[in-house]
Amino acid sequence: FLLTWIWGVIVTITAEDGSLLWGPQPLIVHVKDVNDNVPQFTNDEYIRTLSQGTYADIPFLYLSATDADEPGTAHSDLRYHILSQIPAQPSPDMFHLEATTGGLALSEKGSSELDPTIVSNYQLLVQVKDLGDQASGHRTMATVNIDVVANTWFVHDSIHLAENLQNLCPNSFTHVHWSGGDVEYHLESQPPGPFRVTHEGNICLTQELDREMQDKYLLSVWPRNAEGLAYSDPLSLTVLVMDENDNAPRCPPAEAPAEVPELSPTGMEVTRLQATDADDPNTPNSHVVYKLLSQEPPGPEGSSFTVDHHTGVIVVQDTLIRAGELYKLLVLAADLAGEEGGLSSTCEVTIKVLDVNDHAPVFTASQYGPVSLPEDTAPGTRVATVTATDADLDPEYTRIDFSIVEGDPNGTFVLDSDPQSGHADIRLQKKLDYTSAPSYELVIMAKNLVDLVGSATDSPVTASVTVLVEEPILPPVLSQESYEVTILDSTPPGTLLLTIGPEDPQSPSLRFSMMNDSEGWLSIEEHSGEVRTASKLGSGQPKETYIVQVVAEIMDHPRLTTTATLMLYIVRDLSSHAGKSSSLPASAPGPLQILCTPQDTPQGVVISGLQHRGEPAADDDPYSFALSEDPTVQREWRLQALNGTHAYLTMALSWLEPQEYFIPIFLTHSAQTQQLRIRVMVCMCNSERRCLLKVGRMEGMPTLLSAVGIMVGTLVVIGFFLILIFSHLALAKKTEAQPPDSVPLKASI
């Protein structure tokens with residue numbers, strides 16, 4: 001069986017004599033299908049035309065095959081495949097065959113590389129097989145011949161259609177063509193319009209066009225396959241609706257009169273008449289031309305103005321137009337370029353003649369000043385005022401602009417003016433400098449804000465202003481901005497510390513005073529600037545730093561002052577305090593000095609050369625101090641000379657290991673050098689800067705037996721002294737008990 005059929009069979013059973021033994025009964029027989037039919041293409045050969053530019057994956061041909069086996073089973077489940085492509089250029093996989101539908105389309109590569117100039121014909125060997133995607137099954141092959149043609153789907157030129165056109169469908173006004181086969185066309189209009197496309201690609205109108213409603217349409221036409229899929233981009237067609245001359249030119253609305261200055265030259269443009277026409281601006285229907293009909297009042301030689309025939313520009317023809325005059329012109333505006341059959345309108349143009357700026361400003365004086373200014377004059381100060389007048393009548397032409405044109409290259413001055421007032425204030429903009437510019441000769445120019453016309457433009461109008469800068473008196477400048485002095489706390493009152501004076505010895509006389517001397521330790525001589533100690537420095541602990549302010553003022557100008565800082569560093573004179581130390585052991589080679597670590601405030605040790613050598617230092621032979629060249633000493637300590645007899649030893653590092661140090665120092669005087677060993681205890685201190693020492697067992701501490709021995713010895717010595725005392729007392733009592741005769745007489749002289 002070619003298909004599975006259900007057969008209805010009527011069965012009866014009769015005897016030999018013909019009698020009926022079993023009546024007729026229906027019998028149903030199912031015939032099972034086997035895959036015994038080969039699929040068959042509907043055509044052994046397919047021929048199609050393919051246009052260049054066709055989209056990829058859009059089928060341009062559907063292959064069709066049938067199989068006589070039972071439908072809905074694998075025996076009739078067909079699959080399509082491309083077996084070969086001839087030629088295999090420019091790529092072997094130019095085409096793609098959809099396996100289940102048989103849709104033949106270009107691949108992505110084929111769509112981009114299809115070119116009839118390279119390959120104009122392809123032959124594909126295609127196959128159809130049953131049993132679906134199974135490897136086995138019956139197969140049949142067919143041939144597909146594809147002719148590649150050039151793309152004719154190009155943009156058309158704009159299409160011009162007259163409004164109210166009576167030529168409607170089926171009469172077409174244009175035609176589109178897709179060079180490939182099996183195509184259907186689809187048209188859309190933007191905005192929607194009365195257009196239709198036929199199966200052959202003819203485009204026609206379904207009703208008349210009206211340009212006043214819409215003057216332009218954009219048509220898009222797609223080539224599609226039978227399933228409505230586009231082969232390519234839409235083809236765009238522009239339809240322009242042509243105009244008919246049914247609108248007359250329209251004059252512009254009345255506005256303020258056009259203005260022209262007097263003395264205007266011939267040919268000067270006054271205004272432009274622009275009539276509008278609602279017809280198509282690209283056709284003669286809206287081509288408007290102009291003609292002057294009349295002028296009121298008339299000019300000396302007829303018309304004072306002319307109108308350009310094409311542009312409508314109105315220009316001056318007579319230079320003798322009078323200022324303040326008002327002219328009225330009648331102008332004809334006609335379309336179709338003035339040809340017969342066109343439409344026209346009459347327009348009125350009003351022209352006002354204005355006054356011109358033919359008078360230049362004039363200064364009321366040619367020379368101002370001289371004006372004297374102190375050098376310290378504050379910027380913004382008014383220096384002088386200049387005035388100019390203008391003979392013109394129009395307020396617009398009496399507005400004057402002032403400017404500095406000479407004598408101020410650095411912009412030291414600035415003008416502050418109101419153009420309408422005719423006045424300008426000269427103000428200082430930058431600080432004056434007597435040294436670089438002791439005087440200024442300013443040249444001020446006055447001109448109208450509106451350009452001058454006529455002979456008034458020949459030369460600029462200027463005036464001179466002389467400014468003299470007064471020589472300045474500056475605040476005093478001291479020799480230093482700040483002063484520093486280091487002295488011993490034992491320095492007696494009246495000691496000269498330093499002399500403060502001006503940087504320039506030729507400066508004016510100064511008067512000195514002192515501020516912030518809260519302790520009253522210092523004094524300064526009013527005229528010489530000598531600073532001396534006024535009292536003993538510190539009745540208790542001395543301050544390490546004492547700061548005062550020294551004020552210097554010019555005697556003739558007390559308001560001109562300057563201030564300098566005087567910093568007094570007070571250090572302890574150990575030689576004057578050595579006898580007060582009770583914490584040093586008697587066997588110490590020198591006084592033990594204590595410094596705190598870490599070092600958070602200035603501290604140090606004063607070393608006296610007099611204490612060690614006892615020789616006074618002459619001015620030409622002072623003591624000199626030097627640290628040992630030991631690298632450790634050089635790294636950990638610093639030595640600074642205070643004067644000719646004392647030096648100051650300080651820690652070079654903020655932290656030193658807490659312990660006792662012996663710092664070797666070389667003292668030189670009168671060509672003799674002596675090595676000193678300065679004993680310093682570096683320790684951690686409490687808030688009162690008292691040394692915190694760790695208590696431990698001292699080396700050589702006595703044992704218990706030695707302590708007992710010492711106690712016994714001490715008791716023996718005490719007993720011995722007691723015996724002597726009591727014996728002496730007993731002997732004295734015995735002597736007092738003797739009679740007077742036994743006492744020897746005192747010798748007398």
Side-chain angles (χ1 to χ4, degrees), residues 488-490 536 538-542 571-597 603-615 637 646 649 651 656-665 667 674-749:
L488 301 175
D489 62 350
S490 60
K536 185 178 179 181
S539 58
Q541 290 292 332
V571 296
R572 182 179 293 275
D573 186 353
L574 296 181
S575 61
S576 62
H577 295 276
K580 300 178 183 179
S581 176
S582 59
S583 61
L584 296 174
S587 60
L592 177 64
Q593 308 299 328
I594 297 177
L595 299 179
C596 295
T597 185
Q603 59 179 350
V605 177
V606 177
I607 304 171
S608 173
L610 296 174
Q611 182 181 5
H612 292 278
R613 293 188 62 87
E615 300 175 0
W637 301 93
H646 291 75
L649 178 67
M651 294 166 51
L656 288 180
E657 187 69 25
Q659 63 181 16
E660 187 175 359
Y661 291 84
F662 291 90
I663 299 95
I665 294 178
L667 173 63
Q674 176 184 355
Q675 182 176 359
L676 308 179
R677 286 170 56 84
I678 306 302
R679 184 181 177 203
V680 178
M681 172 63 73
V682 177
C683 60
M684 300 181 68
C685 301
N686 60 12
S687 60
E688 299 178 354
R689 302 188 63 79
R690 295 184 179 277
C691 189
L692 301 176
L693 297 177
K694 182 179 179 182
V695 179
R697 184 180 182 278
M698 297 179 61
E699 187 176 348
M701 190 75 173
T703 63
L704 180 61
L705 293 178
S706 62
V708 173
I710 292 173
M711 292 178 63
V712 172
T714 303
L715 292 175
V716 171
V717 172
I718 293 173
F720 176 74
F721 279 106
L722 291 175
I723 292 173
L724 290 179
I725 292 172
F726 286 123
S727 298
H728 178 71
L729 293 175
L731 180 60
K733 189 177 293 185
K734 182 179 180 180
T735 303
E736 292 177 359
Q738 290 181 357
D741 296 339
S742 63
V743 178
L745 295 175
K746 292 183 180 180
S748 60
I749 301 177

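Residues satisfying the side-chain contact (heavy atoms from CB on, under 4.5 Å) test with Ile718, not counting sequence neighbours, are Thr714, Leu722. The side-chain hydrogen bond (donor to acceptor under 3.5 Å, both in side chains) test applied to Glu660 returns Arg679, not counting sequence neighbours.
Of the inter-residue distances, the one linking Leu676 atom CG with Ile607 atom CD1 reads 7.0 Å to the nearest 0.5 angstrom. A distance of 5.0 Å separates CG of Leu649 from CD1 of Ile665, quoted to the nearest 0.5 Å. Rounded to the nearest 0.5 Å, atoms OH (Tyr661) and CG (Leu656) are 4.5 Å apart.
Minimum interatomic distance between Ile594 and Cys683 (heavy atoms only, all atoms of both residues): CG2-SG, 3.7 Å.
Cysteines Cys596 and Cys685 are disulfide-linked, with SG atoms closer than 2.5 angstrom.
The main-chain N or O of Val682 is never found under 3.5 Å from a side-chain atom of Thr597 such that the two would form a donor-acceptor pair.
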I'd like to know whether Val680 forms a side-chain contact (heavy atoms from CB on, under 4.5 Å) with Trp637, so could you lay out the CA-CA distance, the side-chain angles of the two residues, the decisive distance to 0.1 Å, and finally the verdict. CA-CA 11 Å; Val680 178; Trp637 301 93; 4.0 Å; yes
